[in-house]
Amino acid sequence: MRDDYQQLVDEITAVLRAPATLENRDFALIAFGAQDSEDSDDTAEPALDPVRTRSILQRRSTAAVRAWFEAFGIARAQAPLRIPPDPAAGVFMGRICLPVRHRGVVHGYVWLLDDGHLADLELGGPAGARDPRLVRAMETADRIGALLATEARAGEELGELLRDALTGPPAGRDAARSGLRTALRGAADGPLALVAVVPWTPGTGEDADHPGLPHLPGIVAACALLGDAAAGAAGAPGAGLAALVRLRAASALDPARATAEQLLRSPRATAGGRGPRRPAPRAAAGVSAPRRGLEDLPAAWQEALAAARAAHADTHLGPVAEWSAIGPYRLLAALPALPPDAAVRPLLEPAHVELARTAETFLDCAGQAGRTAQRLGIHRQTLYYRLSRVRQLTGLDLDAGEDRLLLHMTLKAARLGPQGR
């Protein structure tokens, strides 16, 4: 279907004699057209637009660019719009936006650089475009909208099957796996990996027709999960995304990692509850171990979710963490929620956050004072003083292996948060 999009974008480029770019509703690049120099009477080199260049190279626009364009009501537009430049947002050249609609719903946008070549293009009023070239371009945009709507419906059906296979009742998982296997054909045999993105905002209100399921190369199915099936930052219940990704080889998780990085750039990789005093928590992603076939999907989801929680807990792992690389968090994420050990609890009080960080770093460095002081950027004498305070607060002997293990795992568990398996 990607070839169909490219062909339709090329048609718009040819009709308007200007390079067109197609993005979905979440500003992810789908296809772009390049104008043939033989079709242009202008012998000068075309001006390079940084927004278009970034969109093509990184396959997504920045948040500032999205905010500028959305401020003109493109998500509700029924006719082409002319949008002025905004250097503050990095938009140095104006745009003409052709909304890509199907049955009254905007599924994406076709963008044209308003660099002077289209100055004579008459956009018309709400009733439609008057310029015959634009009429033809909008007819093509409607065909793109029908394709995107069809793809969205197919994606939602696959997503429902994936959701049932991951978190449905045992009796329904076999049927869901069978449906997935039929729909995915050869891709169902793998190798595959699951990606978890937490938090993820599903479609609501005006976006209800857009559940926010991504359409990226490599994703064979995706679904949004709510409540206990997806743990948010610090273990808070919320919404997360599960994406089943096709791998090139069972030993190479690069495609899944690249997909996770792309998903984290989505505007939906945020959580609700934002406000002037409560910013949205940082999104993170986790990648499961590779799988062959669909039989082990629930376990793969637990791995991906644990890795995402670990990436939230430890910035050294994030923003994308692989299950195989999260160390003790593999064990801690599988344990039920327990209160902190009584001996370590005083160290976890807000007044002692620096002491807790010092103790954790010391244990991460296998008790090597030189490495610990260097990592913390403090003098050794300062380190020794802080460690003595840790001993006083906890009563633990940092020279005893069992006490060190208890302290280390309690500090890691506190960082991971209260959410159990």
4.5 Å side-chain heavy-atom contact, [X] and [Y]:
X: Pro346; Y: His352; value: no
X: Leu158; Y: Leu184; value: yes
X: Pro87; Y: Phe92; value: yes
X: Leu225; Y: Trp301; value: yes
X: Leu8; Y: Leu22; value: no
X: Leu192; Y: Leu297; value: no
X: Val91; Y: Ile83; value: no
X: Leu148; Y: Ile30; value: yes

I need the minimum non-hydrogen distance between [X] and [Y], along with the two atoms involved.
X: Ala222; Y: Leu241; result: CB-CD1, 4.4 Å
X: Pro80; Y: Leu134; result: CG-CD2, 3.8 Å
X: Pro99; Y: Val106; result: CB-CG2, 4.5 Å
X: Leu416; Y: Ala313; result: CA-CB, 3.7 Å
X: Ala269; Y: Leu264; result: CB-O, 3.8 Å
X: Gly33; Y: Asp10; result: CA-OD1, 3.9 Å

> Would Leu411 and Leu347 count as a side-chain contact (heavy atoms from CB on, under 4.5 Å) if you check the C-alpha gap in whole Å, the side-chain angles of each, and the deciding distance to 0.1 Å?
Replying inline: CA-CA 9 Å; Leu411 290 172; Leu347 189 61; 4.2 Å; yes

Using 0.5 Å steps for rounding, measure from the [atom1] atom of [X] to the [atom2] atom of [Y].
X: Leu161; Y: Leu166; atom1: CG; atom2: CG; value: 11.0 Å
X: Glu261; Y: Arg265; atom1: CD; atom2: CZ; value: 7.0 Å
X: Leu332; Y: Leu338; atom1: CG; atom2: CG; value: 10.5 Å

> Do Arg291 and Glu303 meet the salt-bridge criterion of a basic N to acidic O distance under 4.0 Å?
Replying inline: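 Yes, Glu303 and Arg291 are salt-bridged.
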
> Step by step, would you call Arg136 with Met138 a side-chain contact (heavy atoms from CB on, under 4.5 Å)?
Replying inline: CA-CA 5 Å; Arg136 289 176 59 192; Met138 285 302 297; over 6 Å; no

>> Strictly by side-chain hydrogen bond (donor to acceptor under 3.5 Å, both in side chains), give each pair with a member in residues 138-149 just once, sequence neighbours left out.
In response: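 Found Glu11-Arg143.
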
Only pairs at least two apart or in different chains count here, so list each salt bridge (charged side-chain N to carboxylate O under 4.0 Å, His left out) that has a residue in [range].
range: residues 400-410; answer: none
range: residues 383-395; answer: Glu354-Arg386
range: residues 172-191; answer: Asp174-Arg177, Arg177-Glu295, Arg181-Glu295
range: residues 315-335; answer: Arg257-Glu322

> Taking only residues two or more places apart in sequence or in another chain, which ones pass side-chain contact (heavy atoms from CB on, under 4.5 Å) with Ala311?
Replying inline: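 Testing Ala311 for side-chain contact (heavy atoms from CB on, under 4.5 Å), a comparison that skips the adjacent residues, returns Ala284, Ala321.
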
> Listed by chain and number, what are the side-chain contact (heavy atoms from CB on, under 4.5 Å) partners of Ala67, not counting sequence neighbours?
Replying inline: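 Testing Ala67 for side-chain contact (heavy atoms from CB on, under 4.5 Å), a comparison that skips the adjacent residues, returns none.
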
> Looking at residues at least two apart in the chain, or sitting in another chain, which of them share a side-chain hydrogen bond (donor to acceptor under 3.5 Å, both in side chains) with Asp314?
Replying inline: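 Scan of Asp314 (side-chain hydrogen bond (donor to acceptor under 3.5 Å, both in side chains), adjacent residues dropped) gives His316.
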
>> Under the rule for side-chain hydrogen bond (donor to acceptor under 3.5 Å, both in side chains), what residues qualify as partners of His408, not counting sequence neighbours?
In response: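 For His408 the side-chain hydrogen bond (donor to acceptor under 3.5 Å, both in side chains) partners, ignoring immediate neighbours, are Asp364.
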
> Quick one: salt bridge (charged side-chain N to carboxylate O under 4.0 Å, His left out) partners of Asp341, sequence neighbours excluded?
Replying inline: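 Not a single residue meets the salt bridge (charged side-chain N to carboxylate O under 4.0 Å, His left out) criterion with Asp341.
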
> Of all residues at least two apart in sequence or in a different chain, which pass the salt bridge (charged side-chain N to carboxylate O under 4.0 Å, His left out) check with Arg82?
Replying inline: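 Testing Arg82 for salt bridge (charged side-chain N to carboxylate O under 4.0 Å, His left out), a comparison that skips the adjacent residues, returns Asp114.
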
> Does Arg309 reach the main-chain N or O of Gly286 with its side chain, forming a donor-acceptor pair under 3.5 Å?
Replying inline: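 Flag not set: sc Arg309 to bb Gly286 has no pair under 3.5 Å.
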
> Going through the checks in order, is the side-chain contact (heavy atoms from CB on, under 4.5 Å) test met by Leu113 and Arg95?
Replying inline: CA-CA 5 Å; Leu113 293 179; Arg95 293 292 193 281; 3.3 Å; yes

> Aromatic rings Trp111 and Tyr109: how do their planes relate, parallel, tilted or perpendicular, breaks at 30° and 60°?
Replying inline: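 The rings of Trp111 and Tyr109 sit tilted, inter-plane angle from 30° to 60°.
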
>> Run Glu360 and Arg415 through side-chain contact (heavy atoms from CB on, under 4.5 Å) and show every step you take.
In response: CA-CA 10 Å; Glu360 185 177 2; Arg415 181 184 291 277; 2.8 Å; yes

Pairs under 3.5 angstrom only: tabulate donor-acceptor contacts from the side chains of residues 365-384 to other protein residues two or more places apart or in another chain.
| residue | atom | partner | partner atom | Å |
| --- | --- | --- | --- | --- |
| Thr372 | OG1 | Gln368 | O | 2.8 |
| His379 | ND1 | Gln381 | N | 3.0 |

